[in-house]
*Asks:* 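Can you read through this structure? Questions will come right after.
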Amino acid sequence: MTKPKFRDVSPSVNYPEMEEGILELWRERDVVARSLSEREGCPEYVFHEGPPTANGRPGIHHVLSRAFKDIFPRYKIMQGYYVQRRGGWDTHGLPVEIEVEKQLGLSGKQQIEAYGVEEFNRRCRASAQEYIEDWERMTVRMGFWVDLKTAYVTFHNSYIESLWWILKQFWEQDLLYQGYKVVPYCPRCGTPLSSHELSQGYKEGTIDPSVYVKFKVKGEENAYLLAWTTTPWTLPGNVALAIGEKLDYVKVRDAGGDVLYMAAALADSVLTPGYEVLETLKGSDLLGMRYEPLYRFYPVDKEYAYVVAGDFVSTDDGTGIVHIAPAFGADDMEAGRKYDLPIVQTVDAAGRFRPEVTPWAGVFVKDADPAIQEELASRGLLYKSGTYEHTYPFCWRCDSPLLYWAKETWYVRTSAKRDRLVDLNQQINWYPEHIKNGRFGNWLENNVDWALGRDRYWGTPLPIWRSDAPGSDYVECIGSVAELEAKVGHTLEDLDLHRPYVDQLTWPAPDGGTMRRVTEVADCWFDSGSMPVAQWHYPFENQEVWERQKQADYICEAIDQTRGWFYTLHAVSTLLFDRPAFKNVLCLGHILAEDGSKMSKSRGNVVNPWDVFDAHGADATRWNMYTASPPGNSRRFSVNLVGETVRKFMNTLWNTYSFFVTYSNLSDWALQTENAEPQALLDRWLLSELNMLVRTVTEALESYDVLGATRPIAAFVDSLSNWYVRLSRRRFWDGDPAALNTLYTALATVSKLLAPSTPFIAEEMYQNLVAGVDPQADDSVHLSRWPQYSVELIDERLNADMALVQRVASLGHSARQAANLKVRQPLAQVVVRVRNAEERDSLTRLQDLALDELNVKSLAFADAAGDLVDVQVFPYPKQLGQKYGSGYPKIRQALSKLDQAELASRFQAGETVEVVADGETYAVTPEDVEVRSTPRAGYSVAEAGGYLVAVTTELDAALEQEGHARELVRRIQQLRKDANLEISDRIVTYVLDSDLVHEVLAHFGNYVREETLTVDLVQVHPDQGDAIPAHLPQAGFELGGKEIVIAVSKK
RNA sequence: GGGCCUGUAGCUCAGCCGGUUAGAGCACUGUGCUGAUAACGCAGGGGUCAGUGGUUCGAGUCCACUCAGGCCCA
């Protein structure tokens, strides 16, 4: 073995610069590609990238999810897996369209169509592409290793063709159908409004009719269900009445003699005074009650006109009975679907009543409101009416009041597979676990059909063609380009599978009409949810790759994706293959601003990733995200918090690394690759902790526990730096090969443990420590193998012993501080009280270390008896509480009243003491109590957590002198440092003589010389005409109350 | 309005199956420190463990309700 020579490492470092250097190294050595090629043929670990929407620049929350996405694939590569991790981009959909609308100054669909769909879509494609480039820069900079070169893009023809194939599979299983969806609709513009358009048009103080309508109960004389509505025009579409099952209802006889049903809480505010309560009921009692329909304009082939339950029913206003017209309300439609109610669509696309609604045919519905009320009143079905002021949406473009209106659209019948959705979810591991049967599980149990169609332009066109023959319902679903070619009879090789091109393809229908595509495009969540299939252009290509990649081992996104990507992945996979799309899913909380408020563009408190990368680097950003809080929690984030991470963790690690390289290069040691049995206590301890760390981190990563895989590394680095290195400094100065080897092993191992989380600093250290000295080593830490731990090196007893020493040392320092005793002043004795005999043994084993750390000559344990200590018997609540329950407080009190010294000695003799309290006798064994002793006079004491450490405060002359000698050494060292001497320089030291100096040097002269590398120690006698050479750096200070002057010069 | 999550020091977070005096780090103040460290050690101030009620010998921990914040749904 030859002496390793490392590249020198400066104690200070610019992390962003260092990281740029590593990125360059990865590029040069083609490490990303090799992380795949070098694992060819290995078992596969499958990661699926949830495609970000390319409609804006990436924010810090995207860095968060990418950081958590990255950690496990990197770990698995090091574990010897082949991890494909293909990138992907979500490029379709409303967000992209809106961005382009803004760029072009367009507003609304009519203007888009006037502008031209062809050009509009061309712009959408270009816009998506531009943002992808932004994303790629961020992705590379933060060290997220996805393959960007082969990233799937949802607007590619091949991707769309796979989506068509999937839809065709649904079609053939009868899972695709056209149904009604209630949308906010502008009757004047003739178009539904998107949610963001809707939010622009709410007006407060809108006045609408307030109408209380009586629905005649079947089979009950003169009895009515009283319902309330602000939209009388929806009443001809009524098919049911909804109540809240848990609400309280009353049956009353009103002043006019009618029997009315309504919510108890609202009776006083609605009914004319003087009514009589006949009965009180629960909502559930009303379920199924039948009533006479108000109108019969349409033939109906389903059960209707009865009472259903709706969790949307409240007693905030109205009557607690809600009139249900599925064509005109989302809740209504939902209830309609749940109870299989008919949908009576009485209104046409211009907002006018259809011809079948004979009295008001052709009338704009809002204008018909008064006539409808009159008509009901004439039949005695109007209880009362008035006006109602509320907030109502209007068209932001033309100011017409919007209607909620059921529009035909395409649905995926997910509810048909609800049970499978729920069952298959049980096979998925959710982190945090509560999402599984909480948020996600609930959502699945309440699954409703997926509204797939969107009346937009930039999206996957639904591959559905229908005959335009009047009255025809002939429809075909196309599952591939080849199929389409067969239909149209010519090649479609150069066809862009977007609008408007596909819309132009037609062919003759069998019923004499022409087959034309429906105008809708697919919900873009369908695009992303289909990525396991579509990213491979399956089944048209890549069958073999797909077979290996079809189910993800791991996916990760933020919590808002439970109803988004997590759901659509699960739904598509369940419907298509009857298996879960992913096995493990990490669900992240959101990032909040430093003050805990939401981070949003409008508040202007969004953190730009580049600001953080430039200030502190990507590693620190990532480390902060991994260690700050559990991944599922929302977290506060700021540039400052990352700065704290740098100071606390990154710098500690870096400086330990720099320290090691400095002393390694100064000394002459040989790297021991074999696991030589370490001799020194601290070496054994450190390697024990290190191996335990490897085990802990490995186990945590295996169970997707990021916190558990990172925080222990931080704790280890802290003890490495502030305990192991600090206590071993002398050995490093001496070039002790065992110490250097131990520290080397720790740093090289830590670099690997850090590789998945802080890939840059891990690489930096690995390159210098491992690759730089071992020609056999892998080219990159990320191509190297995950470290193995050795159980034989884990010594849990030693770890516990050391933890106790640290505890005692801490308390000892505290005791010193209390008595104003500097650490360099040796003391005669420390008296320690530990909690049990095992700990006493622990401390005895490591007492040299403890004495050294505390600079004390001897250790004693506080015993029960004796003049030096006070004792107190303390009963353990856990043991006595469990044994005697409510007797515990009495025992405690009784014990405290007894003579403590006598009691203590009885317990220490192993005696069981009978305690009498309140006439009862309780047996208290020595195991039930702790005897605490506290030193009396002459000690300074510190106490915490059941431990006590006391140091003697008396100093004799010898101790005092030794203290002076150490003070002198410290001053000389400081002077050396101030004079910029090299650590290894030999010096001449001058000391102005005095009795005190004379005395100290007589006893400790050699010690001082050795410590300070002093060759000549000159005692200067001014009274004999000597003087310190004036040009030398000198220092004056007080020692034992006397003025001292020293000076040094290089020999 | 419904579901899920969160609430512990000025800030970021620990706190196991309920059990001794609720802990770290940052920040602040003081102090100490023998050659790596924008470090580190020690101490101090700073807590109605969001609130109320309950279970229990004993509640930060379990239960119920309330409040505040987040996300999703309506």
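Note on naming: letters A, B, ... go to the chains in the order of the sequence lines (proteins, then strands), and numbering restarts at 1 for each one.
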*Asks:* Determine, for A/E839 against A/R807, whether the closest basic-nitrogen to carboxylate-oxygen distance falls under 4.0 angstrom.
*Replies:* no

*Asks:* Both distances under 3.5 Å, Watson-Crick or G-U wobble: report the partner of B/G41, or none.
*Replies:* B/U31

*Asks:* Heavy atoms from C-beta onward define the side chain here; which of B/G3, B/U20, B/A39 lies closest to that of A/R439?
*Replies:*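 Ranking B/G3, B/U20, B/A39 by closest atom to the A/R439 side chain puts B/G3 first.
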
*Asks:* Donor-acceptor check, side chain of A/T1014 to backbone of A/E1010, threshold 3.5 angstrom: yes or no?
*Replies:* no

*Asks:* Ion pair present between A/R971 and A/E967, side-chain N to carboxylate O less than 4.0 angstrom?
*Replies:*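 Between A/E967 and A/R971 there is a salt bridge, with a charged N closer than 4.0 Å to a carboxylate O.
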
*Asks:* Scan A/P875 against the nucleic acid and name what it touches under 4.0 Å (heavy atoms): base, sugar-phosphate only, or nothing.
*Replies:* nothing

*Asks:* When we call it a touch if two heavy atoms are under 4.0 Å apart, what does A/V661 touch: a base, just sugar-phosphate, or nothing?
*Replies:*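 Since no nucleic acid heavy atom lies under 4.0 Å of A/V661, the category is nothing.
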
*Asks:* Write down the distance separating the C1' atoms in B/G46 and B/C28, rounded off to the nearest Å.
*Replies:* 10 Å

*Asks:* Ring centres under 6.0 Å, that's the criterion: do A/F6 and A/F660 meet it?
*Replies:* yes

*Asks:* Please classify the nucleic acid contact of A/V725 as base, sugar-phosphate, or nothing, using heavy-atom distances under 4.0 Å.
*Replies:* base

*Asks:* Mind checking the C1' distance from B/A59 to B/A74? Whole angstroms is fine.
*Replies:* 37 Å

*Asks:* Just compare B/G19, B/C13, B/U37 and give me whichever is closest to any side-chain atom of A/S629.
*Replies:*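 When the side chain of A/S629 is considered, B/C13 is the closest of B/G19, B/C13, B/U37.
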
*Asks:* When you compare B/A9 with B/C4, how far apart are their P atoms, in angstrom units rounded to a whole number?
*Replies:* 26 Å

*Asks:* Across all strands shown, which nucleotide pairs with B/G1 by Watson-Crick or G-U wobble geometry, both distances under 3.5 Å?
*Replies:*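 WC or wobble partner is B/C73.
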
*Asks:* From CG of A/L653 over to P of B/U37, roughly how many Å is that when rounded to an integer?
*Replies:*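 Spelled out: CG on A/L653 to P on B/U37 is 16 Å.
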
*Asks:* Verify the ring-centre separation between A/H570 and A/F440: is it less than 6.0 angstrom?
*Replies:* yes

*Asks:* Which one is paired to B/A24, where only Watson-Crick or G-U wobble pairs with both distances under 3.5 angstrom count?
*Replies:*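 When the pairing criteria are applied, B/U12 turns out to be the nucleotide that pairs with B/A24.
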
*Asks:* Identify which nucleotide among B/C57, B/A74, B/C42 has an atom closest to any side-chain atom of A/D331, counting heavy atoms from C-beta outward.
*Replies:* B/A74

*Asks:* Over all strands shown, is A/W733 touching base, sugar-phosphate only, or nothing at heavy-atom distances under 4.0 angstrom?
*Replies:*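 Sugar-phosphate contact only - A/W733 comes under 4.0 Å of backbone atoms but never of a base.
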
*Asks:* Using the side-chain heavy atoms of A/N633, tell me which of these nucleotides is nearest: B/G41, B/U6, B/G3.
*Replies:* B/U6

*Asks:* Rounded to whole Å, how long is the line connecting atom CZ of A/R833 with atom C1' of B/U20?
*Replies:*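 For the pair A/R833 CZ and B/U20 C1', the rounded distance is 11 Å.
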
*Asks:* Taking only the C1' atom of each, what is the distance from B/G30 to B/G45 in whole angstrom?
*Replies:*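 It works out to 11 Å between them.
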
*Asks:* State which of B/U20, B/C73, B/A36 makes the closest approach to the side chain of A/R729.
*Replies:*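 The answer is B/A36.
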
*Asks:* Select base, sugar-phosphate, or nothing to describe what A/N651 touches, counting heavy atoms under 4.0 Å on all strands.
*Replies:*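 Here A/N651 touches the bases of the nucleic acid.
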
*Asks:* Would you confirm whether the ring centroid of A/Y922 sits within less than 6.0 angstrom of the ring centroid of A/Y884?
*Replies:*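 Yes, the ring of A/Y884 comes within the 6.0 Å limit of the ring of A/Y922, centre to centre.
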
*Asks:* What nucleotide, of B/G70, B/G19, B/A36, holds the atom closest to the side chain of A/T656?
*Replies:*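 My answer, after comparing the listed nucleotides, is B/A36.
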
*Asks:* Provide the Watson-Crick or G-U wobble partner of B/A64, both distances under 3.5 Å; none if there is no partner.
*Replies:* B/U52

*Asks:* Can you confirm whether the side chains of A/N447 and A/S415 place a donor and an acceptor under 3.5 Å from each other?
*Replies:*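 The criterion, which ignores hydrogens and geometry beyond distance, is not satisfied for A/S415 and A/N447.
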
*Asks:* If you check every side-chain atom of A/Q882, which of B/C13, B/U6, B/G19 has the closest atom?
*Replies:* B/G19

*Asks:* Can you tell me how far C1' in B/G7 sits from the matching atom in B/A14, rounded to whole Å?
*Replies:* 15 Å

*Asks:* Please give, in whole Å, the distance from B/C73 P to A/Q561 CD?
*Replies:*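 Taking CD of A/Q561 and P of B/C73, I get 10 Å after rounding.
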
*Asks:* Name the nucleic acid region contacted by A/F732, choosing base, sugar-phosphate or nothing; use a 4.0 angstrom heavy-atom cut-off, strictly under.
*Replies:*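 Nothing, no heavy atom under 4.0 Å.
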
*Asks:* Given B/A14, B/C71, B/A36, which nucleotide is nearest the side-chain atoms of A/D560?
*Replies:*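 Nearest to the side chain of A/D560 among the choices is B/C71.
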
*Asks:* Establish whether the base of B/A39 is bridged to the side chain of A/S721 by a donor-acceptor pair shorter than 3.5 Å.
*Replies:*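 Answer is no: no donor-acceptor pair is held.
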
*Asks:* Between B/C63 and B/U56, how far apart are the two P atoms, rounded to whole Å?
*Replies:* 16 Å

*Asks:* 5'-most contact on RNA chain B: A/E644 or A/R892, nearest heavy atom basis?
*Replies:*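 By nearest-heavy-atom nucleotide position, the 5'-most residue is A/R892.
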
*Asks:* For nucleotides B/U55 and B/C16, find the distance between their P atoms and express it as a whole number of Å.
*Replies:* 24 Å

*Asks:* Among the candidates B/A14, B/C73, B/C57, find the nucleotide nearest to the side-chain atoms of A/R711.
*Replies:* B/A14

*Asks:* For B/G60 and B/A68, measure between their P atoms and round to the nearest Å.
*Replies:* 24 Å

*Asks:* Nearest to the side chain of A/R647, which nucleotide is it out of B/U6, B/U20, B/A39?
*Replies:* B/A39

